[in-house]
Structure formats: C-alpha cells, structure tokens
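Since the model is a prediction, treat every value here as computed from it, not as a measurement.
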Amino acid sequence: MKKFLAVLHARNMEFLRDRSALAWNLAMPFMLVIGLAFTFSSGNKDLYKIGLIGGSEKLHIVAPTLQATQHLQFIPYDDLNTALGKVEHHQMDMLIDVSGAPKYWVNSSSPNGYLLERIVWGAEGKNFERQLVQGAEIRYVDWFLPGILGMNMMFACLFGVGFVIVRYRKNGFLKRLKATPLGAFQFLFAQLISRLLLIMVITTIVYSGCNLFIEFNMQGSYWTLLLVTTLGAMSMIAIGLLIASHTASEELAGGLLNLLTWPMMLLSGAWFSLEGAQIWVQKLSLIFPLTHMISAARAIMNEGATLSQVMPHVLVLSLMSVIFIAVGAYVFKWE
Amino acid sequence: MPPIITATHLVKQYPGVLAVAGIDLAIPQGICFGLLGPNGAGKTTTIEMLEGIQQQTGGTVLYKGEPLGARYREEVGIQFQHTALQEFLTVRETLELFERLYHRTLPIAELIELCSLADILERDTRKLSGGQRQRLLLALALINDPELIFLDEPTTGLDPQARRNFWDLIKLVKSRNKTIVLTTHYMEEAYALCDEIAIMDKGSIVAQGTPEHLLAEHFGDVVLQIPAADSGSKLAELGLNAMPAGELLEIRTNRLHHTLQLMMDNGVNLDRLRIRAWTLEDLFINVTGKKLNP
C-alpha cells in the first residue's frame with residue numbers, strides 16, 4: 001500500500017503542477033458545453049421522428065400514404081413503455097401502434113407533435129385512435145450534456161493515461177521503477193486511481209460550473225450518476241493502460257488511441273442518437289464503454305432511471321474494467 | 001572475500017546479433033569493479049543482465065549464491081546510463097517517492113549530506129545541472145542502503161571538475177564497504193576508482209584483473225619520450241626504434257639502463273627526456289585494437 005500511495009501521490013503532483021495540461025482539461029469541456037448549448041439552442045431537427053410498434057409491413061397495409069410521406073423517420077420499437085418515455089420527453093414526436101387497432105400518441109405540449117399530427121391526419125391517420133401523453137421537453141443541451149462530458153472523459157482517460165505511460169517507457173522512467181521492488185500491478189493501479197480521481201474532480205467542476213448557467217435537467221440520483229461515470233471512466237482508463245502496456249512508440253500509441261476514440265466518438269451516441277440507425281451499428285456500439293456510460297447517464301438525468309434500471313450498464317462497465325485492468329497488468333512491460 | 005554476485009556463461013542473443021557471448025564473472029564483496037569496453041562491446045547489456053533488468057538468453061546470475069528475486073530488488077542499487085524522473089517533482093519529493101518503494105532505507109537526511117543535495121532540495125528535478133542530476137541519481141541508487149551498486153557510465157557528459165567531484169563521492173560510498181560495479185569510457189576514472197577491471201570486446205571479456213597487474217602483464221617495457229628537435233637523427237643511427245608522436249619521439253625499450261647509457265654515450269640531449277607510464281588507455285587499445293570514443 002505504501003508503494004501504491006507513493007506512486008499515486010507523485011502522479012497527482014505531476015498532473016496538478018502541469019498547469020497547461022490542467023488548464024486545458026478544465027477549459028476544453030467548459031467551452032464545448034457552453035458553445036454547443038448556444039449553437040443548438042434553437043433545435044436541430046429537420047424531420048419528424050415517429051416510433052412504430054407493430055412493424056413497417058403492417059403500417060404499409062393500414063397507412064401506405066403515411067409511410068410514403070417524406071421527411072418522416074419511423075423508428076421500430078417493441079416495448080410500448082420505452083417508446084412512450086421518448087414521446088414524454090420530446091425525444092420522439094409521435095408513437096404509432098399498428099399491432100392491433102391503429103392508434104397514436106402525441107405529447108400535448110410538443111409543437112412538433114402538434115404539426116406531425118396534422119400531417120398524419122392528412123394521410124390515413126385520421127382514423128387512428130388518438131392518445132395523449134404528458135411530459136416536459138428535454139432540451140437538446142440536457143440530452144447532449146452526458147455525451148459531451150463523456151467524450152471529454154474518454155479523451156482524458158485514454159490519452160491521459162496511454163500517452164503518459166508510453167512517455168515514461170520511452171524516457172526510461174519505467175525502467176528506473178523496474179529496478180525497485182514496485183510491482184507492475186501497483187504501478188498501474190496507482191496510475192488508474194490517480195487519473196480517475198482527477199477526472200472525476202474535473203468533471204464535477206465542469207458540470208457544476210456549467211449548471212450555474214444552464215441549469216441541467218436532473219431527474220435521478222446524483223449518487224447513481226456518480227457510480228456510472230466512475231465505472232465508465234475506470235473502464236476507459238483501463239483501455240488506455242492496455243494500449244500502453246507494450247508500446248514505447250508515441251506514434252503507434254497515438255494511432256491505436258485514435259483508432260479507438262473515433263469509432264467510440266461517432267457510435268457511442270455522444271453527438272447524435274443512434275435510434276433509427278442500422279441494427280448492427282447499434283449492436284456494435286455496445287462494445288464501447290462510452291456507449292454504456294452515456295446511455296446510463298442520460299437515463300438517470302433525463303428519465304430519472306434508478307440504479308436497478310441502469311444495472312445492465314453498470315455490470316458491463318464493471319466487467320470491462322476488470323478485464324482490461326487484468327489483461328493490461330498481465331501483458332505490461334516496463335521497457 | 002566471497003563473491004557477492006556471479007555470472008556463469010552469460011549469453012544474450014538478439015535476432016542476428018550475439019551481444020554477450022558467454023562471459024563468466026565473480027565480483028568479490030566490497031570492491032569497485034570496472035567494466036570497460038568500446039561502444040557496442042556489450043557492457044550495458046551485461047550490466048543490465050547482472051541488474052536483472054534484462055533477461056539473459058543463457059547462463060546464470062547469482063546474488064549471494066541465490067537466483068535474482070524479490071530480495072535482490074530490495075538490496076541492489078542502480079544508476080542507469082539514461083534515466084528520466086517523474087516530472088514536476090522537487091529533489092526532496094523525488095527522494096521521498098523512492099524511499100517509499102523500499103522496506104529498508106537510509107535516512108534521507110544522511111543521503112542529502114552524503115550526496116551534497118542540501119542546496120537543491122526544493123529545486124524541480126528538470127532544472128538540475130548535469131552534476132546535480134548525477135548526484136541525485138546516485139542518492140536514489142543508495143536510498144535502500146544497498147550492498148551492491150551498479151553505476152552505468154555515471155560521469156558521461158560531466159565537465160572535468162564535476163567528474164572529479166563525483167569520483168570523490170564514489171570513493172566515499174566505497175568506503176562504506178559497498179560493492180560497486182562501474183562501467184565507464186574514461187580510463188583514468190577506472191584507474192582512479194576500480195580495484196579490478198574487465199575489458200569487454202565483441203561480447204567477450206578480453207582482459208580481467210587489477211589495473212596494475214594487467215598493465216604489468218601486457219607491458220613489460222617502458223616508453224621514453226624525447227622532443228624530436230633535441231635528438232636529431234642520432235636515434236636512428238643508434239638503431240633505436242623511435243616512433244613519432246606529435247612533436248615527440250617515443251622509444252619503447254625493455255632495457256632501460258642500456259638504452260639510456262647508449263644515448264648518453266652518443267651525445268643525445270636528455271635534458272627534456274620523460275618516461276611515460278603505461279595507462280589503461282594503452283591497455284585498452286592493446287587488447288581491443290580500438291581507440292576510445294567517449
């Protein structure tokens with residue numbers, strides 16, 4: 001424990017005294033959240049999203065004109081409650097169920113829902129049974145916040161740990177540590193905890209700071225959110241450790257980290273929702289810890305999801321953390 | 001003295017390169033042992049196998065008769081040729097970091113005094129001069145009060161004054177009955193510090209023993225130096241094989257009395273004659289056929 005704490009303290013000091021890196025870690029997410037909040041404050045949708053239960057073939061039979069109408073995106077759902085939740089939070093403009101007698105739900109306070117209802121009536125939808133749901137709109141910034149914070153955490157986790165260890169290896173500091181009784185696991189665990197503490201503190205500061213200006217939506221428990229983000233950060237740091245476990249080349253490490261961060265950035269739902277994307281893309285996105293962290297965080301913040309409701313994400317993130325740390329420590333090379 | 005560390009038929013094979021070709025070493029406790037050799041001779045590879053940093057391809061290394069293990073890490077001190085330290089830490093914080101990595105340590109105050117670090121304790125390690133940095137690295141190598149200390153070219157890049165100060169430090173450490181294994185390019189450093197040396201070339205040890213013994217073994221004669229202007233062409237007439245060395249002529253002879261008498265009898269001006277002692281550099285060139293390139 002003494003060795004672990006010594007390395008942990010030294011790494012923390014190194015990070016905190018590197019003023020330029022610290023400033024960048026704090027300023028970048030602030031600027032992104034504030035900038036994007038203003039940029040997208042007027043909304044970014046140029047088509048209507050309609051949840052569909054019962055399948056497109058059935059819809060084709062009961063409402064072919066509606067189905068053929070342009071600029072409508074039909075998103076298939078199996079679970080009524082999940083789909084209704086989206087309509088409640090204005091994440092979807094309407095839900096149509098054609099599995100039995102056709103009916104639809106709109107949010108009575110949604111302008112998009114109101115307009116879409118007129119479009120649906122103009123097609124075959126006039127005969128559909130009308131249902132109303134209630135619920136406040138989730139602003140784009142509320143939807144976007146977990147993504148932007150998650151993405152910032154991803155970069156800080158992967159590059160902050162991966163590059164640092166590769167630099168240590170390249171300049172011979174790891175070799176110097178190898179000559180001491182310090183074990184590989186003690187060293188790696190200290191790096192992980194150091195980075196985790198710093199990222200969580202920085203993320204909390206950024207969230208709290210932005211919250212002063214924007215007042216984010218928070219329906220669920222902060223403790224559950226903390227657990228999810230901690231596990232998400234831990235799993236991404238563990239990936240950074242794994243990538244840095246062998247290489248002494250900053251170029252190679254940078255390439256590998258980019259290879260991982262770009263798909264994760266695009267497919268984890270940080271920038272845009274994957275609803276309506278190909279099924280295989282949605283399945284593929286589940287291999288990324290960022291997907292689970294962002295999904296769980298959005299569910300907690302915007303839908304008030306409880307710990308048990310986000311437990312699948314918690315378990316996946318925990319498993320990823322354990323596997324990546326274990327493999328990283330096993331294959332770790334000091335030189 | 002029993003050997004503190006022994007290497008038996010130590011081999012290191014890289015793809016296409018035999019870096020160390022089966023060397024045997026037994027380093028007695030309490031001495032300063034010098035490992036010398038030209039660039040690429042296999043010194044650093046050998047020392048890193050002795051340190052347990054590199055795994056040997058073949059052969060064994062024993063510390064106090066036992067294979068290298070956890071105990072070895074606790075009891076050995078190492079100063080690498082190239083080492084980086086944790087950035088943004090002061091000298092004091094760096095000492096404290098390494099102190100916490102060992103079970104048994106020297107008091108930091110003692111190390112500070114031993115290595116003359118008092119004036120730079122609060123300085124960022126990135127802002128140290130070459131000599132200050134080497135003193136800190138030596139302090140880190142000594143922090144666990146090791147019985148065996150490896151110093152891999154510790155004075156390379158230092159100015160002559162800093163180098164000599166560092167020698168005094170090494171002598172001080174040696175006086176504490178520590179065993180030191182030193183690699184160096186500087187032959188005068190090896191001569192000043194080492195009780196025993198081994199010269200490596202092409203992965204093998206080509207000469208080993210005390211500096212005096214090796215010099216006596218390889219050089220039975222002496223070298224006389226006379227300014228070329230003073231001797232004229234007389235030396236050639238006397239049948240003495242005088243080789244030019246700058247503005248001097250050098251005469252190698254194993255019959256000193258006879259040679260001097262011959263020159264005096266023939267009127268050679270001996271006022272500025274000097275007898276040059278053989279050095280380890282001569283020995284090095286003699287056994288490796290190469291000049292040193294520090």
Side-chain angles (χ1 to χ4, degrees), chain A residues 1-25 160-161 163-191 193-195 198 244 246 248-250 331-335, chain B residues 44-45 47-55 68-105 122 124-127 133 136-144 146 148-152:
Chain A
M1 182 54 90
K2 189 175 76 166
K3 296 173 196 168
F4 163 76
L5 290 175
V7 178
L8 176 67
H9 176 71
R11 176 65 192 124
N12 287 348
M13 286 298 105
E14 185 182 48
F15 181 82
L16 292 173
R17 289 176 184 172
D18 188 353
R19 299 283 167 79
S20 51
L22 182 63
W24 178 247
N25 270 279
V161 170
F163 262 131
V164 167
I165 291 183
V166 171
R167 192 188 77 217
Y168 284 168
R169 184 178 288 113
K170 194 174 177 181
N171 67 19
F173 180 55
L174 286 191
K175 185 177 168 184
R176 185 64 191 84
L177 290 178
K178 185 185 180 185
T180 72
L182 182 71
F185 186 78
Q186 287 168 315
F187 170 76
L188 291 175
F189 199 58
Q191 300 303 311
I193 296 300
S194 166
R195 178 54 57 161
L198 294 164
H246 247 67
S249 160
E250 282 162 335
V331 300
F332 179 75
K333 285 177 78 170
W334 292 99
E335 293 183 77
Chain B
T44 296
T45 306
I47 203 171
E48 288 193 349
M49 285 191 288
L50 295 178
E51 290 163 350
I53 294 296
Q54 281 203 45
Q55 186 64 42
L68 309 187
R71 176 188 167 195
Y72 188 62
R73 285 274 155 269
E74 285 285 349
E75 294 186 4
V76 73
I78 298 175
Q79 181 176 349
F80 290 113
Q81 191 176 342
H82 303 291
T83 299
L85 295 168
Q86 186 106 42
E87 293 184 358
F88 294 97
L89 294 190
T90 64
V91 169
R92 183 194 296 282
E93 288 167 337
T94 303
L95 288 169
E96 287 169 352
L97 165 65
F98 278 80
E99 182 200 24
R100 290 182 198 138
L101 301 181
Y102 293 93
H103 287 304
R104 190 172 69 94
T105 55
E122 307 308 327
D124 189 324
T125 56
R126 295 170 301 163
K127 295 173 182 166
R133 183 177 168 78
L136 170 61
L137 293 177
L138 180 64
L140 296 180
L142 299 174
I143 207 157
N144 54 331
L148 175 61
I149 303 154
F150 292 95
L151 305 175
D152 193 3

Participant: For the residue pair B/E74 and A/P181, what are the closest heavy atoms and their distance?
Facilitator: OE2-CG, 3.3 Å

Participant: Sort B/L140 into side chain, backbone, both or neither according to what part of it lies under 4.5 angstrom from a heavy atom of chain A.
Facilitator: both

Participant: Nearest 0.5 Å, please: how far is CD in B/E48 from NZ in A/K178?
Facilitator: 8.5 Å

Participant: Can you name the closest pair of heavy atoms from A/R176 and B/F80 and give their distance?
Facilitator: CA-CE1, 3.7 Å

Participant: In terms of heavy-atom pairs under 4.5 Å with chain A, which of B/I78, B/T94, B/D124, B/V76 leads?
Facilitator: B/I78

Participant: Which atoms of B/F98 come close to chain A, meaning under 4.5 Å heavy atom to heavy atom: side chain ones, backbone ones, both, or neither?
Facilitator: side chain

Participant: Can you measure from CZ (A/F173) to CG (B/L85) and round to the nearest 0.5 angstrom?
Facilitator: 7.0 Å

Participant: Which atoms of A/R169 are under 4.5 Å from chain B, going by heavy atoms: the side chain, the backbone, both sets, or neither?
Facilitator: neither

Participant: Enumerate the residue pairs fulfilling side chain to side chain donor-acceptor pair (under 3.5 Å) with a member in residues 95-104 of chain B, sequence neighbours excluded, ordered by first and then second residue.
Facilitator: B/R104-B/D145

Participant: Can you tell which part of B/E51 gets under 4.5 Å to a heavy atom of chain A, answering side chain, backbone, both or neither?
Facilitator: neither

Participant: In Å and rounded to the nearest 0.5 Å, what is the CG to NE2 distance from B/L89 to A/H9?
Facilitator: 7.5 Å

Participant: Side chain, backbone, both or neither: which part of A/L5 has a heavy atom under 4.5 Å from chain B?
Facilitator: neither

Participant: Of all the heavy-atom pairs spanning A/A10 and B/Q86, show the shortest one and how long it is.
Facilitator: CB-OE1, 3.6 Å

Participant: Is it true that atom CZ of A/F163 has more than 12 heavy atoms of other residues, nucleotides or ligands lying nearer than 6.0 Å?
Facilitator: yes

Participant: Say you draw a straight line from OG1 of A/T180 to CG of B/N144; how long is it, rounded to the nearest 0.5 Å?
Facilitator: 9.5 Å

Participant: I need the B/L97 CG to A/L182 CG distance, nearest 0.5 Å.
Facilitator: 9.0 Å

